[in-house]
Amino acid sequence: MKPGYLELTQTDAERYEVLFKLPGRADLSLGIAPLLPDACAAVAPVATRRAGDARIQTWAIRCRGGLAGREVGVSGISTTPTDVLVRLERADGSVQMELLTPSAPTFVVRAAPGRLAVAGTYLRLGVEHILLGIDHLLFVLALLILVEGRRRLVGTITAFTVAHSLTLAAAVLGFVAVPQAPVEAVIALSIVFVAGEILHAREGRAGVTQRSPWIVAFVFGLLHGFGFAGALLEMGLPERAIPLALLFFNVGVEVGQLLFIAAAGAAVVAARRLRLEPPTWAWRIPAYGIGSLAAFWLIERVAGFFG
C-alpha cells in the first residue's frame with residue numbers, strides 16, 4: 001500500500017481546509033479516517049472524488065482556539081499495512097510534517113515546527129520507500145549478482161545513485177515532467193533486461209552490463225529517479241522547505257540502499273562460512289525469479305494504460 005496523506009491548511013485563526021487521501025487497490029480502500037480534537041467541527045460538507053485507486057476527501061473545519069498543542073491523528077491505522085503522511089500548513093506559511101504509523105497513529109501540533117522535524121520525516125520516508133520498493137531493490141540485486149570486483153561494484157552503484165539523484169531533483173523541482181505510468185513500466189523492463197544479462201553472463205555471452213556496468217546503471221538509474229520523484233510528489237512536499245525535504249528524502253533512499261547492499265553482502269559471507277554447496281543449477285533461481293516477477297510487473301503496468 002502507498003502511504004495515505006492528510007493535509008490541513010489554516011485559512012484563519014480557527015478555520016482549516018482538510019484534504020484526506022486514502023490509498024487503495026481497485027474498489028478497496030482502507031478503513032481509516034482523520035482523528036481531530038473535540039474542539040473541531042465541520043463547517044463545510046465532505047466532497048469525495050477518486051484519483052486512480054485512491055479516494056480523496058475534502059472539507060473544512062473550525063477548531064476553537066486553533067490546533068496548536070492539540071493531538072491530531074488517524075483512526076484505524078493500527079490495523080492497516082500503510083502509513084499516513086500529515087502536512088499541516090499554518091496561516092503564516094510555516095509547515096509541520098509528520099509520518100503516522102500503526103505504532104504511532106497520533107501527533108501533537110507544535111506552535112513553531114523546526115526544519116529538523118522536516119528533515120527527519122523525509123529521511124525516514126526515503127529509507128522506507130527504498131526498502132519497500134521491491135522493484136528498485138531487485139534491480140540493485142541484479143547488479144550485485146552481475147558485477148564482479150569491489151571497485152567495479154562501487155563504481156556501478158555510484159553511477160546508479162548519481163543518475164537517480166539527478167532525475168529525482170529535476171522532476172521534483174519542476175524542470176522535467178514525465179508521465180508516471182510509462183516510467184513504472186520501463187522500470188519493470190529494466191529489471192527484465194538485467195535479469196537476462198545474468199543468464200547471458202553465466203552462459204559465457206558477456207553483455208553490455210558486464211562490459212560496462214556503470215553505463216547501464218546510470219541510464220536505468222535516470223528512470224528509477226523519475227519513479228522516486230513520482231512517489232515523493234504523491235506524498236506531498238512542504239512548500240517552504242522543498243530543497244530540504246528533497247535532500248533528506250534522497251539521503252534516506254541512499255541509506256536504505258546501503259542497508260540492502262550490506263544485508264546482501266552479509267548473506268553471501270554467511271553462506272560461504274557455512275560452506276553451503278547448492279546444486280549446479282541453483283544460480284538460475286535468482287535470475288529467473290527476478291526476471292519473472294519483473295515481467296509480470298511489466299505486463300500489469302502496460303495493461304494499466306488501457307484499463
Enquirer: Between atom CG of Asp135 and atom CG of Leu293, what is the distance when rounded to the nearest 0.5 Å?
Expert: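 Asp135 CG to Leu293 CG: 9.0 Å, rounded to 0.5 Å.
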
Enquirer: What heavy-atom pair brings Val194 and Ala142 nearest, and what distance separates the two atoms?
Expert: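 Result for this residue pair: CG2-CB, 3.5 Å.
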
Enquirer: Classify the side-chain pair Thr121/Glu98 by whether it contains a donor and acceptor separated by less than 3.5 Å.
Expert: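 Judged by distance alone, the side chains do not pair up.
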
Enquirer: Please lay out, stage by stage, how Val302 and Trp297 fare under the test side-chain contact (heavy atoms from CB on, under 4.5 Å).
Expert: CA-CA 8 Å; Val302 171; Trp297 285 330; over 6 Å; no

Enquirer: Distance-only, no hydrogens or angles: does the Ser212 side chain make a donor-acceptor pair with backbone N or O of Val208 under 3.5 Å?
Expert: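 Answer holds: no.
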
Enquirer: Just do the side-chain contact (heavy atoms from CB on, under 4.5 Å) check on Leu22 and Gln57 with the steps written out, would you?
Expert: CA-CA 8 Å; Leu22 294 87; Gln57 298 176 327; 4.0 Å; yes

Enquirer: Are the side chains of Pro105 and Ile77 in touch, meaning some heavy atoms are under 4.5 Å apart?
Expert: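 With C-beta onward as the side chain, the pair touches.
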
Enquirer: Is it true that Ile242 and Val176 fall in one hydrophobic cluster, defined by side-chain heavy atoms closer than 4.5 Å?
Expert: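 Looking at the clustering, Val176 is in the same group as Ile242.
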
Enquirer: Starting at CD1 of Ile191, measure out to OG of Ser292 and round the result to the nearest 0.5 Å.
Expert: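 Output value for this atom pair is 12.5 Å.
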
Enquirer: Side-chain contact test, heavy atoms from C-beta onward, threshold under 4.5 Å: evaluate it for Val18 versus Thr58 and give yes or no.
Expert: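 The answer is no; the side chains never approach within 4.5 Å.
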
Enquirer: I need the minimum non-hydrogen distance between Leu143 and Ala217, along with the two atoms involved.
Expert: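 Here Leu143 and Ala217 meet closest at CD1-CB, 4.2 Å.
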
Enquirer: I want to check something: taking the side chain as every heavy atom from C-beta on, are Leu141 and Ile290 in contact at a cut-off of under 4.5 Å?
Expert: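 Result yes, sub-4.5 Å side-chain heavy-atom pair found.
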
Enquirer: Please check if any side-chain donor atom of Glu17 sits under 3.5 Å from a side-chain acceptor atom of Thr11, or the reverse.
Expert: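 Their side chains do not contain a donor-acceptor pair, so the 3.5 Å distance test is not met.
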
Enquirer: Using the rule that Ile, Leu, Val, Met, Phe, Trp and Tyr join whenever any side-chain heavy atoms are under 4.5 Å apart, tell me whether Val127 and Phe228 fall into a single cluster.
Expert: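 Looking at the clustering, Phe228 is in the same group as Val127.
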
Enquirer: Looking at every non-hydrogen atom in both residues, tell me the closest pair between Ala264 and Leu144 and how far apart they are.
Expert: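 Closest approach of Ala264 to Leu144: CB-CD1, 3.9 Å.
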
Enquirer: With a 4.5 Å heavy-atom cut-off, do Pro286 and Ile145 have their side chains touching?
Expert: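 Touching, per the 4.5 Å side-chain cut-off.
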
Enquirer: Do the side chains of Asn250 and His164 get nearer than 4.5 Å, heavy atoms only?
Expert: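 Of all side-chain heavy-atom pairs linking Asn250 with His164, at least one is under 4.5 Å.
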
Enquirer: Shared ILVMFWY cluster between Leu132 and Phe296, side chains joined below 4.5 angstrom?
Expert: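 Different clusters: Leu132 never reaches Phe296 through Ile, Leu, Val, Met, Phe, Trp or Tyr contacts under 4.5 Å.
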
Enquirer: Looking at every non-hydrogen atom in both residues, tell me the closest pair between Ile187 and Gly227 and how far apart they are.
Expert: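 That closest heavy-atom pairing would be CD1-CA, 4.1 Å.
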
Enquirer: Any idea which heavy atoms bring Ile130 and Leu137 closest together, and the distance?
Expert: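 Looks like O-CG, 3.3 Å.
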
Enquirer: Salt bridge check: are Arg202 and Glu197 linked by an N-O gap of less than 4.0 Å?
Expert: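 Salt bridge between Arg202 and Glu197, a charged N being under 4.0 Å from a carboxylate O: no.
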
Enquirer: Taking the side chain as everything from C-beta on, heavy atoms only, tell me whether Leu67 gets closer than 4.5 Å to Leu8.
Expert: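 Yes - at least one pair of side-chain heavy atoms lies under 4.5 Å apart.
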
Enquirer: State, to 0.1 Å, how close Ala231 and His129 come at their nearest heavy-atom pair, and which atoms those are.
Expert: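 For Ala231 versus His129, the nearest heavy atoms are CB-CE1, 3.2 Å.
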
Enquirer: State which residue, out of Phe160, Phe193, Trp214, fulfils the ring-ring contact (aromatic ring centres under 6.0 Å, His included) condition with Phe220.
Expert: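 Single ring-ring contact (aromatic ring centres under 6.0 Å, His included) partner of Phe220 among Phe160, Phe193, Trp214: Phe193.
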
Enquirer: Step by step, work out the side-chain contact (heavy atoms from CB on, under 4.5 Å) result for Leu168 and Phe249.
Expert: CA-CA 10 Å; Leu168 170 61; Phe249 180 82; 4.1 Å; yes

Enquirer: What I'd like to find out is whether the side chain of Tyr122 reaches to under 4.5 Å of the side chain of Arg124, using heavy atoms alone.
Expert: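 Heavy-atom side-chain distance check fails, nothing below 4.5 Å.
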
Enquirer: Quick one: pull up CZ in Arg87 and CG in Leu85 and give me the separation to the nearest 0.5 Å.
Expert: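 Output value for this atom pair is 9.5 Å.
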
Enquirer: With no hydrogens and no angle check, just 3.5 Å: does a side-chain donor-acceptor pair link Asp83 and Thr101?
Expert: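 Side-chain D/A pair, Asp83 to Thr101: absent.
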
Enquirer: Please check if the distance between the ring centroids of His224 and His136 is under 6.0 Å.
Expert: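 They qualify: ring centres under 6.0 Å apart.
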
Enquirer: Measure the CD1-CD distance between Ile261 and Gln257 for me, rounded to the nearest 0.5 Å.
Expert: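 The CD atom of Gln257 is 5.0 Å from CD1 of Ile261, to the nearest 0.5 Å.
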
Enquirer: Given salt bridge (Lys or Arg N to Asp or Glu O under 4.0 Å), test Glu148 with Arg152 step by step and report yes or no.
Expert: CA-CA 7 Å; Glu148 298 178 352; Arg152 283 167 61 85; over 6 Å; no

Enquirer: Side chain of Thr106, backbone of Gly73: donor and acceptor closer than 3.5 Å?
Expert: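 Looks like no, no N/O pair under 3.5 Å.
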
Enquirer: Using 0.5 Å steps for rounding, measure from the OH atom of Tyr16 to the CG atom of Leu36.
Expert: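 So the gap between those two atoms works out to 10.5 Å.
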
Enquirer: Please determine whether side-chain contact (heavy atoms from CB on, under 4.5 Å) holds for the pair Val86 and Leu99, giving the CA-CA distance in whole Å, both sets of side-chain angles, and the decisive distance to 0.1 Å.
Expert: CA-CA 6 Å; Val86 181; Leu99 183 65; over 6 Å; no

Enquirer: Do Val109 and Glu71 have side-chain heavy atoms sitting under 4.5 Å apart?
Expert: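 Val109 vs Glu71: side chains apart.
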
Enquirer: Between Gln96 and Arg90, is any side-chain donor less than 3.5 angstrom from a side-chain acceptor?
Expert: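 Yes.
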
Enquirer: Determine, using the 4.5 Å side-chain heavy-atom cutoff (strictly less than), whether Ile215 and Leu153 are members of one ILVMFWY cluster.
Expert: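 In one cluster: no.
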
Enquirer: Indicate if Met97 and Val108 have the same hydrophobic cluster label, given that clusters are the connected sets of ILVMFWY residues with side-chain heavy-atom separations under 4.5 angstrom.
Expert: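 No, no single cluster joins them.
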
Enquirer: How many angstroms lie between SG in Cys63 and CZ in Arg15, if you round to the nearest 0.5 Å?
Expert: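 Separation between the atoms: 11.0 Å.
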
Enquirer: Can we say Asp38 and Arg70 salt-bridge, meaning some charged N sits less than 4.0 Å from an Asp/Glu carboxylate O?
Expert: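 No.
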
